[in-house]
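Let me begin by presenting the structure, written as structure tokens, before commenting on it.
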Amino acid sequence: MSGYSFELITGPMSCGKTEELLRRIRRCIIAKKKVKVISPDVDTRAKGDYIESRNGLWLDAVKVKHSVQILSFVKDAEVVAIDELQFFDSNITKVITQLMNEGKKVIGTGLELDFKAEPFGSMPELMCIATKVDKLHAVCMKCGCEHATRTQRLIDGHPADKNSPLIMIGGDETYEARCIKCYELPDVKAKSKALGLKLLQFNKK
Ligand SMILES: [Zn+2]
């Protein structure tokens, strides 16, 4: 329960990150620590000023747009819990470093990889400055194994293309956890380019 630390909980969609964060927060509250919960303003999952895990547990949270604003909200806190770290701007690394230097205990969650399986936002830096990192696995929604480490984006039920925009307009966009074996990232552009090339070679003959 000591300060000067940053515990980072990471993993794909539906691996229980927020559940684990709420579990650790509850322990801090039992230990009578002053806890402040922060979540990014872009998180569309939570409806109001609270964070909610998929199993229905929730806690009051301050919604923050710019990461530097966190500093003014947590002045009295001994423990600072931050949900969805991947959505914060790049100053988040400096902000958390400062909180640690002030003797606070920071507990955070974040998606380590985006739908293209590429590092998400400041998560690589945050994993480096963390004093403890826990990588949780989810159940793969395709084969049912317990080693899902990827977040699969589906548009209208089909694996999303590599070139689909980061923010989707229209279409039924959903996400699910998948293992490396079941994770799919179609590249329609490259495929059609390769097909075009073949067609060109065919015409030459
Ligand atoms: Zn699988």
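Small disclaimer: the values here were computed from a predicted structure and weren't measured. Residue numbers start at 1 and run along the sequence shown. In listed order, ligands and their atoms are each counted from 1.
Between the side chains of D89 and S67, a donor-acceptor pair is found at a separation under 3.5 Å. At a cut-off of 3.5 Å, with distance as the only test, a side-chain donor of Y175 or R153 sits close to an acceptor on the other residue.
Coordination check, C182 versus the Zn ion (ligand 1): passed, since an N/O/S atom of the residue sits under 2.8 Å. For H147, every N, O or S atom stays at 2.8 Å or more from the Zn ion (ligand 1).
With the Zn ion (ligand 1) as vertex, C179 SG and C143 SG subtend 120°, rounded to 10°.
Between E20 and R24, at least one side-chain N (NZ, or NE/NH1/NH2) sits under 4.0 Å from a carboxylate O, which counts as a salt bridge.
Considering only heavy atoms from C-beta on, F88 comes within 4.5 Å of I70 through its side chain.
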